[in-house]
Amino acid sequence: MVGPLVVLLSMLAARHFVELERLVGSPVVGEVVQAAIYFSLALLASRIVKIIFARSPKKRRRVPKLLADLITAAFFAAAFVATAGIFLGDSIGGVLAGSGLMIAVLGFAVRNVVADVLSGVAFGLDAPFRIGDWVDFDGAVKGQVVEIGWRTTRLLRRDATYMILPNSQIARQRITNYSAPRRHYRAQISVVLDHEIEVAVARQVLLDGVKLATFILDDPSPDVRAVSFGLDGITYAVRYWVPSFAEDIDCRDDVLQCIDSALRRAGIDGPRRHFRFNVGELPAAAPTDVAI
C-alpha cells in the first residue's frame, strides 16, 4: 500500500506544482516534485516485480531473492540518475565521472567482496540454481540451497548443518544441479560378478532384483548393462531413476538390498580372485669357472 500511496501523492503534487511554486516562490518545487515521481515510480515498480515473483506457480522453482533485489536496485539507480539530471543539468557528466573514479578505488580495495557480489548478480541472472535445489559443487560440497545472498550462498547439508560459501568461490567450481531441469534423475551402481556366469543370466537376475525396489521410479524403468571385463569378473551397471536427490541414499540402499537378495536366491556368489601357480623344475644353473 505504501508504493501506490506515494505515487498518488506525487501525481497530485505534479498536477498542482505550479500553484506550489507560486506559493513557495521558488522553481525548486517543480524539481522536487519530479524527483519524488521518479522515486515513487521506482518503488511501485519494485513492489510489482516482487508480487509477480511471489505469485509464481508452485510447480516452478522459486525465484532467488537476489534477483528481485537486483531489479529493485536497477529501478532506484535509474531514478537517482534521472533526479541528478534534473538538479545538476549539464554538470551531471562531471559528477558521474568523479563518482566512477571513487567507485574504482573502493572496488580495488574490496575486490574480493566485489567479486562475490558480481558472482551473486550473475547467479541471479543466469539462475544455475535456485532456492530449494539440491546441488553439488565440484564433488566437494553437496546440499540444498536455502539462501542466495549478495555475497554468499547458504546450503543445508544432509547432516542438518549449514555450509556458507562465497559466491566467487562457487563461480569457479563445476556445478551439478540435481533438481533441474527435472527433480528426478538416473543413478547407477556397479556390480562385479564371476566370469563363469553368463552375461544374459546375470543381467536378468540383476534386473529382477532392482525391479523389486520400492523407492525408485517404475517409469522410466530400470535396466542393466554389461560395461567391462576385468581380472576380477564382469562389471555390470544397474541403472535406475531416483524421484529426487533427497531420496538418493534411500534408493541406493533399497536397490542394493534387493540385488543382494536376488543374487542369493539365484545361488550366485560374488567374484573371486583366481591365482595360477606354475609348478615345475627350475632351470639348472650355468657352471661357473673359477681360476686358481
Side-chain angles (χ1 to χ4, degrees), residues 58-62 127-146 153 155-161 163 165 170 173-276:
K58 294 182 179 180
K59 294 182 179 180
R60 297 180 56 188
R61 294 183 297 164
R62 293 176 56 186
F129 51 84
R130 297 185 179 182
I131 305 297
D133 288 356
W134 286 90
V135 295
D136 177 0
F137 295 142
D138 211 12
V141 180
K142 294 182 180 180
Q144 187 177 29
V145 180
V146 295
T153 295
L155 301 181
L156 179 62
R157 302 199 298 178
R158 293 183 183 274
D159 56 0
T161 59
M163 174 69 73
L165 300 173
I170 297 175
Q173 296 179 347
R174 180 179 58 189
I175 302 174
T176 302
N177 192 335
Y178 289 98
S179 301
R182 294 173 296 273
R183 292 175 58 85
H184 65 275
Y185 63 94
R186 188 173 66 185
Q188 73 175 38
I189 60 175
S190 297
V191 179
V192 181
L193 298 179
D194 199 278
H195 296 95
E196 297 178 356
I197 306 171
E198 295 183 8
V199 172
V201 175
R203 288 179 56 187
Q204 189 60 46
V205 172
L206 293 174
L207 185 59
D208 292 341
V210 71
K211 284 185 176 180
L212 296 177
T214 57
F215 286 94
I216 65 175
L217 294 177
D218 296 330
D219 186 22
S221 59
D223 58 18
V224 179
R225 295 288 186 269
V227 294
S228 66
F229 282 74
L231 296 177
D232 295 336
I234 304 175
T235 302
Y236 299 88
V238 181
R239 307 188 300 181
Y240 56 93
W241 291 83
V242 179
S244 67
F245 188 80
E247 304 171 75
D248 178 74
I249 294 179
D250 294 332
C251 289
R252 182 180 295 271
D253 177 75
D254 191 17
V255 168
L256 289 173
Q257 181 178 353
C258 292
I259 288 177
D260 178 71
S261 299
L263 292 175
R264 292 179 185 273
R265 287 195 301 268
I268 299 177
D269 297 329
R272 300 184 180 89
R273 284 187 176 273
H274 300 280
F275 296 94
R276 179 178 298 175

Considering only heavy atoms from C-beta outward, does the side chain of [X] approach that of [Y] to under 4.5 Å?
| X | Y | value |
| --- | --- | --- |
| Leu193 | Ile234 | no |
| Val224 | Val205 | no |
| Lys142 | Trp134 | no |

Short question: side chain of Asp133, backbone of Ala180 - any donor-acceptor pair under 3.5 Å?
no
Backbone N or O of Glu196 within a donor-acceptor pair of the Asp194 side chain at under 3.5 Å?
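Indeed, once roles are kept as given, a pair shorter than 3.5 Å links the two residues.
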Can you name the nearest heavy-atom pair linking [X] to [Y], along with the distance?
| X | Y | answer |
| --- | --- | --- |
| Pro243 | Leu217 | CG-CD2, 3.9 Å |
| Leu206 | Leu263 | CD2-CD2, 4.1 Å |
| Ile216 | Val210 | CD1-O, 3.5 Å |
| Val145 | Arg130 | CB-O, 3.5 Å |

Sort out for me which residue in Val255, Ile249, Leu256 forms a side-chain contact (heavy atoms from CB on, under 4.5 Å) with Arg252.
Leu256
Could you grab the distance from atom [atom1] of [X] to atom [atom2] of [Y], nearest 0.5 Å is fine?
| X | Y | atom1 | atom2 | result |
| --- | --- | --- | --- | --- |
| Arg265 | Asp260 | CZ | CG | 9.5 Å |
| Asp248 | Asp253 | CG | CG | 11.0 Å |
| Gln144 | Ser179 | CD | OG | 7.0 Å |

Do Phe215 and Tyr240 have their ring centres less than 6.0 Å from each other?
no
